[in-house]
S.K.: 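The structure that follows is given in the form of structure tokens.
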Amino acid sequence: PYDDVARAVATAEAAVKDLSWPEVLEALTAHPRIGERMRGSGRESLWSRLEQAGVGGSSHETRGELLRGNMMYEERFGHVYLICATGLPGEEMLDRLRDRLRNDQDTERAVVREELAKITCLRVNKLLAEGENRGEESA
């Protein structure tokens with residue numbers, strides 16, 4: 001229903017930014033903690049593992065700090081720490097987590113919404129690219 005990929009992605013981004021906070025919380029339930037591998041063999045599980053690949057190359061210490069930071073974050077804000085992890089090393093995810101633990105509730109909600117929008121845009125792009133590739137294969 002869209003003229004091009006950019007318009008579809010922009011529409012998806014706007015939809016995320018228009019979600020109510022309870023709807024954002026519902027979306028967060030589909031995301032594993034940073035450093036935890038999402039189980040399953042479906043597309044969403046695969047994408048999550050690829051997006052968090054930067055954690056895999058991190059030291060044991062960094063992975064442990066991410067786990068502890070996740071727990072502190074969840075205790076402070078009541079939901080999973082969400083970050084668009086694509087291309088980020090574990091150390092940077094940890095640094096951003098520590099910074100975000102200083103946010104007040106309203107500031108953090110705005111950050112979460114932005115991160116969710118980034119992830120959504122990446123995934124819509126991937127989804128549409130898969131569709132294009134299938135179309136090329138059947139042509």
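In this text, all values refer to a predicted model and were calculated from it rather than measured experimentally.
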S.K.: Check for me, please, whether Val80 and Leu101 land in the same ILVMFWY cluster - side-chain distances under 4.5 Å, paths through other members count.
M.R.: yes
S.K.: For Ala27 versus Leu116, what's the shortest heavy-atom pair and its separation?
M.R.: CB-CD2, 3.9 Å
S.K.: Decide yes or no for Tyr81 and Leu28: does some side-chain heavy atom of the first lie under 4.5 Å from some side-chain heavy atom of the second?
M.R.: no
S.K.: Considering only heavy atoms from C-beta outward, does the side chain of Arg96 approach that of Leu88 to under 4.5 Å?
M.R.: yes
S.K.: So, Lys118 and Glu114, do they make that salt bridge, N to O below 4.0 Å?
M.R.: no
S.K.: Under the rule for side-chain hydrogen bond (donor to acceptor under 3.5 Å, both in side chains), what residues qualify as partners of Asn125, not counting sequence neighbours?
M.R.: none
S.K.: Just to verify, what does Glu23 make a side-chain hydrogen bond (donor to acceptor under 3.5 Å, both in side chains) with, not counting sequence neighbours?
M.R.: Ser20
S.K.: For residues 73-86, which residue pairs pass the salt bridge (Lys or Arg N to Asp or Glu O under 4.0 Å) check, not counting sequence neighbours?
M.R.: Arg33-Glu74
S.K.: Please enumerate all residues that pass side-chain contact (heavy atoms from CB on, under 4.5 Å) together with Asp106, with sequence neighbours excluded.
M.R.: Asp104
S.K.: Once rounded to the nearest 0.5 Å, what's the spacing between atom CG of Asn70 and atom CG of Leu94?
M.R.: 9.5 Å
S.K.: State plainly whether one hydrophobic cluster holds both Phe77 and Met72, where clusters connect Ile, Leu, Val, Met, Phe, Trp and Tyr through side-chain heavy atoms under 4.5 angstrom apart.
M.R.: yes
S.K.: Provide the closest heavy-atom pair for Arg113 versus Asp18 in the form atom of the first, atom of the second, distance.
M.R.: NH1-C, 4.5 Å
S.K.: My understanding is that only residues two or more places apart in sequence, or in another chain, count here; which of them pass side-chain hydrogen bond (donor to acceptor under 3.5 Å, both in side chains) with Glu108?
M.R.: Tyr73, Arg100, Asn103
S.K.: Side-chain contact test, heavy atoms from C-beta onward, threshold under 4.5 Å: evaluate it for Leu82 versus Ile119 and give yes or no.
M.R.: yes
S.K.: How would you list, by chain and number, every residue that makes a side-chain hydrogen bond (donor to acceptor under 3.5 Å, both in side chains) with Arg68, sequence neighbours excluded?
M.R.: Glu65
S.K.: Nearest 0.5 angstrom please: Leu67 CG to Thr62 OG1, how far?
M.R.: 12.5 Å
S.K.: Looking only at non-hydrogen atoms, find the nearest pair between Val124 and Ala12 and report the distance.
M.R.: CG2-CB, 3.8 Å
S.K.: So which atom in Ala117 and which in Glu13 form the shortest heavy-atom distance, rounded to 0.1 Å?
M.R.: CB-CG, 4.1 Å
S.K.: If every non-hydrogen atom of Cys84 is compared with every non-hydrogen atom of Glu115, which pair is closest and at what distance?
M.R.: N-OE1, 2.6 Å
S.K.: Looking only at heavy atoms, what is the nearest atom pair of Leu19 and Val24, with distance?
M.R.: CB-CG2, 3.9 Å
S.K.: Can you tell me how far apart CD1 (Ile83) and NE2 (His31) are? Round to the nearest 0.5 Å.
M.R.: 13.0 Å
